[in-house]
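Working notes, beginning with the structure itself.
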Amino acid sequence: MPSISRLQRMVEAAWAQGFDIQGSEQLGCKLYNTRKWIGATEIVTVLSWLRIRCELVDFHRPTSSDGRHPELFNWVLRYFEEPRIHTPPLYLQHQGHSRTIVGIEQRTSGLSLLVLDPSHGPRQVAALGSSQDSLRLIRKNSAAMRAPQYQVVAVKGLIDTEDQYQDHIGVDNCF
């Protein structure tokens, strides 16, 4: 796993090769050694630069009247139900915070995302295997997911031809 400074350098290297010109300009073409946040679009930029095909999905606003995001949950369910040999986790971004969705549960009470959060300390994470109750740390039902908007990055495979790779340079990487 790259450090934050290494990731910042990777984003700048991708920008230098023409990836996400607009994002580069918005951040003043400088990320390394700054306190600027790395968000979903920067993750898409680095993955595309590394020849990893990905998809950025915006959930701009809640899709139910009570402020919840049922469309986000349904999209994640479809993603994890899609047949494939290996299902990569999802990158989840909201309000300056990023987490990792590693799965989804269909429970009698509804759908719950299984989310790893880097803000959880080592003791909290170590407790995950010790009791059934500790799963509440990673289970997020729709009531717990009420940010105004979310972005999800999904890995879709490899960019395996030079034409596909060139298609990502100098254009919006959010496809």
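Computed from a predicted structure; not experimentally measured.
- In this structure, CG on L114 lies 11.5 Å from CG on L90, to the nearest 0.5 angstrom.
- Atom CZ of residue F59 and atom CE of residue M145 lie 10.0 Å apart, to the nearest 0.5 angstrom.
- Under the 3.5 Å distance criterion, the side-chain polar atoms of T63 are left unmatched by any main-chain donor or acceptor of H69.
- Hydrophobic cluster membership is shared by L50 and V153, with clusters built from Ile, Leu, Val, Met, Phe, Trp and Tyr side chains linked at under 4.5 angstrom.
- A cation-pi arrangement is absent between R6 and Y32 under the rule of less than 6.0 angstrom and at most 45 degrees off the ring axis.
- If you take CD1 on I159 and OG on S48, they are separated by 5.0 Å, rounding to the nearest 0.5 Å.
- A chain of hydrophobic side-chain contacts below 4.5 Å, direct or via other Ile, Leu, Val, Met, Phe, Trp or Tyr residues, connects V115 to V152.
- At most 12 heavy atoms of other shown residues, nucleotides or ligands fall within 6.0 angstrom of atom CZ in R9.
- Under the 4.5 Å side-chain heavy-atom criterion for grouping Ile, Leu, Val, Met, Phe, Trp and Tyr, L137 is not connected to L113 through any hydrophobic cluster.
- Nearest heavy-atom pair across T100 and P89 is CG2-CB, 3.5 Å.
- Atom CD in Q151 sits 11.5 Å away from atom CG in L72 (nearest 0.5 Å).
- At a threshold of 4.5 Å between non-hydrogen side-chain atoms, the residues I43 and L7 count as touching.
- Separating the NE2 atom in H97 from the OH atom in Y150 is a distance of 10.0 Å, to the nearest 0.5 Å.
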Quiz prompt | CA sep, side-chain torsions, deciding dist, call: N141, L111, side-chain contact (heavy atoms from CB on, under 4.5 Å) | solution = CA-CA 6 Å; N141 63 23; L111 295 173; over 6 Å; no
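- Ring pair Y79/W75 is parallel by interplanar angle, where below 30° counts as parallel and above 60° as perpendicular.
- Q8 contributes a side-chain N or O that, together with a main-chain N or O of T34, makes up a donor-acceptor pair within less than 3.5 Å.
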Quiz prompt | Stepwise side-chain contact (heavy atoms from CB on, under 4.5 Å) test for Q149 and R61 | solution = CA-CA 5 Å; Q149 59 188 9; R61 61 187 170 280; over 6 Å; no
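- The hydrophobic cluster containing Y91 does not contain W37, counting ILVMFWY residues as joined when their side-chain heavy atoms lie under 4.5 angstrom apart, directly or transitively.
- Smallest separation of non-hydrogen atoms from E82 and K156: OE1-NZ, 4.2 Å.
- A donor-acceptor contact closer than 3.5 angstrom is absent between the side chains of S112 and R139.
- Hydrophobic cluster membership differs between I101 and L116, with clusters built from Ile, Leu, Val, Met, Phe, Trp and Tyr side chains linked at under 4.5 angstrom.
- In this structure a side-chain-to-backbone donor-acceptor pair under 3.5 Å is missing from K30 to E12.
- Counting only distance, with no hydrogens or angles, the side chain of E42 and the backbone of G39 share a donor-acceptor pair below 3.5 Å.
- Side chain of D58 to main chain of H60: no donor-acceptor pair is present (N/O by atom type, distance under 3.5 Å, no hydrogens or angles).
- Distance CH2/W15 to CG/L27: 4.5 Å, rounded to 0.5 Å.
- Looking only at distances, no side-chain donor or acceptor of N74 sits under 3.5 Å from a matching main-chain atom of L77.
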